[in-house]
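Scroll down for the structure; my scribbles are underneath it.
Just so you know, ligand 1 is whichever comes first in the structure, and atom 1 is the first atom listed for that ligand.
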Amino acid sequence: MNNPSIVILDFGSQYTQLIARRIREQNVYSVVLPCTASLQQIEQANPVGIILSGGPSSVYDTDAPPTDARLLALGKPILGICYGLQFITHHLGGKVRSAARREYGHAEVEIIAQTPLFEGLAQRQHVWMSHGDEALELPPGFSLTAKTSNAVAGIMDEARRIWAVQFHPEVHHTRQGTELLRNFLFRICKVAPDWTPEHFIQTTVEQIRQQVGDKGHAICALSGGVDSSVAAVLVHRAMGDRLTCVFVDNGVLRKNEFQKVQDNLRGKLKLNLVAVDARERFLSLLAGITDPETKRKIIGREFIAVFDDEAHRIAKLSGSVDWLVQGTLYPDVIESSSVKGPSQTIKSHHNVGGLPETMKLKLIEPLRDLFKDEVRRIGRDLGMPEDILQRQPFPGPGLAVRILGEVTPERVALLQSADEIVVEEIKAAGLYQQIWQSFAVLLPVQSVGVMGDQRTYAATCAIRAVHSEDGMTADWVPLPYEVLKKISSRIVNEVRGINRVVYDITSKPPGTIEWE
Ligand code: XMP
């Protein structure tokens, strides 16, 4: 029998995984199933409660999701959210209509009934709404529990153990949303808060073992960052040395990173690691190239070529390679699901996406449902070093997208030295973990300076520091003047070849985080 879980039926809302995350934060196990799941699949997940998510459809749409409404009669406590409320209303005999105007954003809600779902909540609630339809008539047996000035905001039928709200308790703008979800979990479903990172590790390792069986070999491309490292450690627990990790020096890593990553992953985490020095391959292809997209494409393509060579070599040694481990996170899943949208053309992000097709590899993605901070929590429980867990994101094409103009070994060395100073000073100021990314960019601009009595004519570097939640949007950080002063003076004095430092004060949008 599976672990007792809260089943979240996904009707397609952008917030569904946020519901799952809020529940995990309460140390409760949850499973997200598509809204087309059969009753049997739902029951297999051993639900102690079911949440119906929001979604973009209208219950009257001809292509409204074909969900089996008999789930409402399973006898499990149910919480409908947004579309979930309309689904319940529609299928149990009430009426839903298209609202005169779409409600989107902050709203005030008044709680008008006592129910365990609202226990301890203030009568006036500040909430987040996002819907086009609204409930007009409640189904038989239901009563109104909350309202806005002109619409239904909450309903219930306690006898059938069904509750629903029109607003989104999972979004942090709903100020007491977490309390509401806690009430559902602990007062209504009476579930135990015993789901911990340790549980996640155990069940994930077990699932991977079942997925891969006792034969076959897996490979994983490591970047030295938190996601691929945590994914590799989890798979290593399940498969041991049937997993080979590959770490490629593409010539545009940070200073000493090739060695540091090997020390951490092979030395401390005991991963079966192949480190490939492919600097020459990459740098010779990059010679003479200045166009940002061409650089990205070259690095992406060459990475796949190098990795492919390694994979074939490993396949020869170990009989076969069947699996590819990737540290895909939930935000990456969302981002790539909009791959067809216009945002994709801004920059071609580099990954090992081409491999599964060429080598017919099956994917293992143990972190697909998680957010970055959850991955860090898991990593901590796995005993991973803090310098991996806290490392700021670093792009696949590395320093190449921070070297404007041609990427040459000399310019890479210049930027590595400047970058090292930025990281050291940001760390010394205690800011490294508060900032999403902080780094130096080498510009193709020479300017005149004076050092001692000597005229200089040398390169300019820009400093960039941004706050961000997920890399999709970002604000530039007003670094303290003292920190900027120290960085600037150290770079100009210690890095021969840079004589001017400027500060980038552009947010995203309109800028991007990386300069290329
Ligand atoms: P931009 O520059 O698009 O970057 O605002 C957003 C975030 O993505 C990182 N980034 C990449 N990460 N491969 C990656 O793995 C890439 O090709 C890539 N390009 C940008 C960037 O560092 C920032 O965190």
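- Near Trp436, the atoms of ligand 1 lying under 4.0 angstrom from a non-hydrogen atom of the residue are 24 (O).
- Proximity to Pro397 (heavy-atom distance under 4.0 Å) selects the following atoms of ligand 1: 13 (N), 16 (C), 17 (O).
- Contact atoms of ligand 1 toward Gly471: 6 (C) (distance under 4.0 Å to a heavy atom of the residue).
- Dense packing is recorded around CZ of Arg209, with more than 12 heavy atoms of other residues, nucleotides or ligands lying under 6.0 Å away.
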Subject >> Derivation and outcome, side chain to side chain donor-acceptor pair (under 3.5 Å), residues Ser13 and Ser53 >> reply: CA-CA 7 Å; Ser13 160; Ser53 84; 5.3 Å; no
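- Using a distance-only test at 3.5 Å, with no hydrogens or angles considered, no donor-acceptor pair links the side chain of Ser30 to the main chain of Ile6.
- Scanning all heavy atoms of the two residues, the minimum distance from Gln416 to Leu399 falls at CG-CD1, 3.5 Å.
- Nearest to atom 22 (O) of ligand 1 by heavy-atom distance, out of Gln392, Glu514, Arg464, is Glu514.
- Residue contact check: Thr512 has heavy atoms under 4.0 Å from atoms 1 (P), 2 (O), 5 (O) of ligand 1.
- Residue Ile513 places at least one N or O, backbone or side chain, under 3.5 Å from an N or O of ligand 1.
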**OP:** Walk me through it: do His106 and Trp128 pass the test ring-ring contact (aromatic ring centres under 6.0 Å, His included)?
**Re:** CA-CA 5 Å; His106 296 278; Trp128 185 256; 5.1 Å; yes
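- The closest approach between a heavy atom of Arg296 and any atom of ligand 1 is below 4.0 Å.
- Note: no N/O pair closer than 3.5 Å links Arg402 and ligand 1 by distance alone.
- Under a 4.0 Å criterion applied to the non-hydrogen atoms of Gly396, ligand 1 contributes the atoms 12 (N), 13 (N), 14 (C), 15 (O), 16 (C).
- The backbone N or O of Val226 sits nowhere less than 3.5 Å from a side-chain atom of Arg391 that would complete a donor-acceptor pair.
- Within the model, atoms CZ of Phe282 and CG of Leu253 stand 9.0 Å from one another, a figure rounded to the nearest 0.5 Å.
- Nearest-residue assignment for atom 12 (N) of ligand 1 (options Pro395, Pro393, Ala474; heavy-atom criterion): Pro395.
- Within ligand 1, counting atoms from 1 as listed, the ones closer than 4.0 Å to a heavy atom of Lys508 are 1 (P), 3 (O), 5 (O), 6 (C).
- Taking the ring centroids of Phe258 and Phe247, they lie under the 6.0 Å cut-off.
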